[in-house]
Structure formats: structure tokens, C-alpha cells
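Report on the following structure.
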Amino acid sequence: MKIATWNVNSLTVRLPQVLDWLAAQASAGAPVEVLALQELKLSDDKFPAAAFEQAGYHAVWHGQKTYNGVALLARSPFNAVQRNLPGFEDEQARLIAATLGADDTQGSEGGASAPALRVVGAYFPNGQALGSDKFAYKLRWLEALRAWLADEMRRHPRLLLLGDFNITFDDADVWDPEGLRESIHCSSVERAHLQALLALGLHDAHRLFAQPPKSYTWWDYRQLGFQKNRGLRIDHILLSDALRPLATACQIDRSPRKNPQPSDHAPLWVQLQGL
DNA sequence: ATGCCTCAGCTCCTGAGA
């Protein structure tokens, strides 16, 4: 089962590329079972559910006009959909969680049905600059996420957290670690929050496998950033303890970044066996 | 250069992204 995440920077602009990419993966014999999308930049009524349905995908979404917005697509239907963090007042649409397979929160016996998979798609706040109001919001959001996930993981042992985290793990995720030291996406305080998520029992799927050096998921549109591979690895897939042994591969797909009118982010996918 | 692209929208400029 292939599970992917992609910050599309406007689903209105990128819908054809998303449909093309899904079709290309299927043609290559490895169809995408689940896709998390971020930065839809459209309101709920503008979400192209019919186009995805025609492509064979169920969808759930949490849209917002102009900014943010997240969605999950899957080839099977979702249950127990959650939008944003419970108890955290937020005008910004940044998180959507849903269950694939039998709802495992009801304590049912299961029997023949496969264990459920809890999918959490998120668009973490950017933060703009250390010390700014937006940075303070980023830190509050990160703490609310961690607190909620601690409980969520107890209820759903098979859980993935994937999306645009807007945080690098370490200097290997940064094209210019010295020039960007302690700047936004690279600061110690942001990285400590990312480590706090791992401490809940989550694992960076990308680092479970050998990867090419200078593997990034985002490149600035300006100054030929992609061509010069001046990027950051800020999009991630984290796997719970129960899912970690099922992972067989994890890759960044740079090919859509070469399209005309690309997103500034590339999709990232993980392959899980036995699901 | 508080710049350089790209996107949305109170659209021919501005705010936000990362």
C-alpha cells in the first residue's frame, strides 16, 4: 500500500497535476492508496470531489478561502473524520484525520476485518520568523498537536502523521545549514518540537531507508532554487511503532517539480506491506 | 533588497508563503 503527501500550493491550479500523478503511479503498477494534500487554498464548496471520485478516490476535506486547507484521498471510504485539533481554537484549516478500515474506536471484535489505519494529514504553521506573532502561534499549535496525538495514538496504534511540517529534522535536511542556522524551519526550538513528536513513538519514514544526499521536498521558486537543488526537507511521513516494521520504501518524487507551473513542494510516499 | 517567484483577491498592488 502506497501512502503519499503533497503540498500542492493551490488545488485549483494543481488539480490536473494531481490527477496526472495519481494516474501515472497506477500505470507504473504502484497505485497510491492514500494521498494527503495541503495548501488547497479553496473553500469547502470549491473542493473538486467529483473529479477525484471519477479518478476512483473517496475524499474528505477541510477547506479555507485563500490560505491553508487540507484533504485526504483514499481508494476506500473514510470513517471517524476529525477536522483541526479538538479544544484548540483555530481559524486556520490545518489538520484532518480519518480512519481507513473498521472504526477501531468502538472496541468492536474485528473478526475478519483488517486492523484500522488512522491517517492524520497536517499543514503545520510556517512561523515566518522567530519571535514573530506567527512563530508564537506555530509553537502553540505544535504543543496542541503533541498533546492531542498522545491520546490519539493510544486509541489508534496504527497511525500515520504526514504532511507539510515546515520543520527540518537536522542540518542534513537543509541546503545551506550555516547560512540558515537558527532561522525559520531550522531553529533548535522548532526541531525540539519535532523530536517531541518522535518521542510519542513515531518514526521518520524517510530515514528508515538509505536516501540520496541532499534529499529535499521543497525548493524556493526564486533564483532557480530547484535547478540548483537549494531546498529543504520539510514534508514528512511519521509512522507509529506498529507501522514501522511494515514500511518497505520511502521516496521523494521530484518529477512533478519539473512540470510547467509546479508546486514548490514535491510529493513524498511510503510503501507499507501487509495492509 | 524589507529583493528575487507564485498564488489569491477587497486583483494592476498587497500579504503570505518558506
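Labels below follow one simple rule: chain letters A, B, ... track the order of the sequence lines, proteins then strands, and each chain is numbered from 1.
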Which atom pairs, donor and acceptor, lie under 3.5 Å between side-chain atoms of residues 224-233 of chain A and protein residues at least two apart or in another chain?
unit_1: A/N229; atom_1: OD1; unit_2: A/W219; atom_2: NE1; d: 2.9
unit_1: A/N229; atom_1: OD1; unit_2: A/R254; atom_2: NH1; d: 3.3
unit_1: A/N229; atom_1: ND2; unit_2: A/K214; atom_2: O; d: 3.2
unit_1: A/R233; atom_1: NE; unit_2: A/D173; atom_2: OD1; d: 2.8
unit_1: A/R233; atom_1: NH1; unit_2: A/D204; atom_2: OD1; d: 3.3
unit_1: A/R233; atom_1: NH1; unit_2: A/D204; atom_2: OD2; d: 3.3
unit_1: A/R233; atom_1: NH2; unit_2: A/D173; atom_2: OD1; d: 3.3
unit_1: A/R233; atom_1: NH2; unit_2: A/D173; atom_2: OD2; d: 3.4
unit_1: A/R233; atom_1: NH2; unit_2: A/D204; atom_2: OD2; d: 2.8

Seminar exercise, completed: Protein heavy-atom contacts under 4.0 Å, written 5' to 3' over nucleotides 8-18 of chain B as B (base), S (sugar-phosphate only) or - (none), form the string SSS-----SBB

Show me the donor-acceptor pairs, under 3.5 Å and distance only, between side chains in residues 147-154 of chain A and residues at least two apart or in other chains.
unit_1: A/E152; atom_1: OE1; unit_2: A/R155; atom_2: NH2; d: 2.7
unit_1: A/E152; atom_1: OE2; unit_2: A/R118; atom_2: NE; d: 2.6
unit_1: A/E152; atom_1: OE2; unit_2: A/R118; atom_2: NH2; d: 3.0

For this session: For A/Q227 and B/dC4, give me the distance from atom CD to atom P, rounded to whole Å.
Result: 18 Å

Exercise. Expressed as a whole number of Å, how far does the P atom of B/dG15 sit from that of B/dC4?
Worked result: 14 Å

Problem set entry | Nearest-angstrom distance, P atom, B/dA1 to B/dA18 | 26 Å

Exercise. Tell me, which of residues 251-262 of chain A have any heavy atom that sits under 4.0 Å from an atom in DNA chain B?
Worked result: A/Q261

For this session: Name the nucleic acid region contacted by A/R230, choosing base, sugar-phosphate or nothing; use a 4.0 angstrom heavy-atom cut-off, strictly under.
Result: nothing

Exercise. Using the C1' atom in both, what is the distance from B/dT11 to B/dT6, to the nearest Å?
Worked result: 14 Å

For this session: Mark yes or no for whether A/W61, through its side chain, and A/D44, through its backbone, hold a donor-acceptor pair below 3.5 Å.
Result: yes

Seminar exercise, completed: Residues passing the side-chain hydrogen bond (donor to acceptor under 3.5 Å, both in side chains) test with A/R94, sequence neighbours excluded, are A/N68, A/Q92, A/Y137

Using a 3.5 Å cut-off and no angle test, enumerate the donor-acceptor pairs between side-chain atoms of residues 119-130 of chain A and protein atoms at least two apart in sequence or in another chain.
unit_1: A/Y123; atom_1: OH; unit_2: A/E39; atom_2: OE1; d: 3.4
unit_1: A/N126; atom_1: OD1; unit_2: A/Q128; atom_2: N; d: 2.8

Exercise. If the P atom of B/dC5 is compared with that of B/dC10, how far apart are they to the nearest Å?
Worked result: 26 Å

Exercise. How would you list, by chain and number, every residue that makes a side-chain hydrogen bond (donor to acceptor under 3.5 Å, both in side chains) with A/E91, sequence neighbours excluded?
Worked result: none

Exercise. What integer distance in Å separates A/L15:CG from B/dC7:P?
Worked result: 14 Å

For this session: With A/L73 as reference, evaluate A/V32, A/V60, A/L37 under the side-chain contact (heavy atoms from CB on, under 4.5 Å) test and give the passing residue.
Result: A/L37

Exercise. Which residues satisfy the side-chain hydrogen bond (donor to acceptor under 3.5 Å, both in side chains) test with A/S132, sequence neighbours excluded?
Worked result: none

Exercise. For B/dC7, does either OP1 or OP2 sit under 4.0 Å from a side-chain N or O belonging to A/R14?
Worked result: yes

For this session: Could you pull out all residues at least two apart from A/Q25 that satisfy side-chain hydrogen bond (donor to acceptor under 3.5 Å, both in side chains)?
Result: A/K2

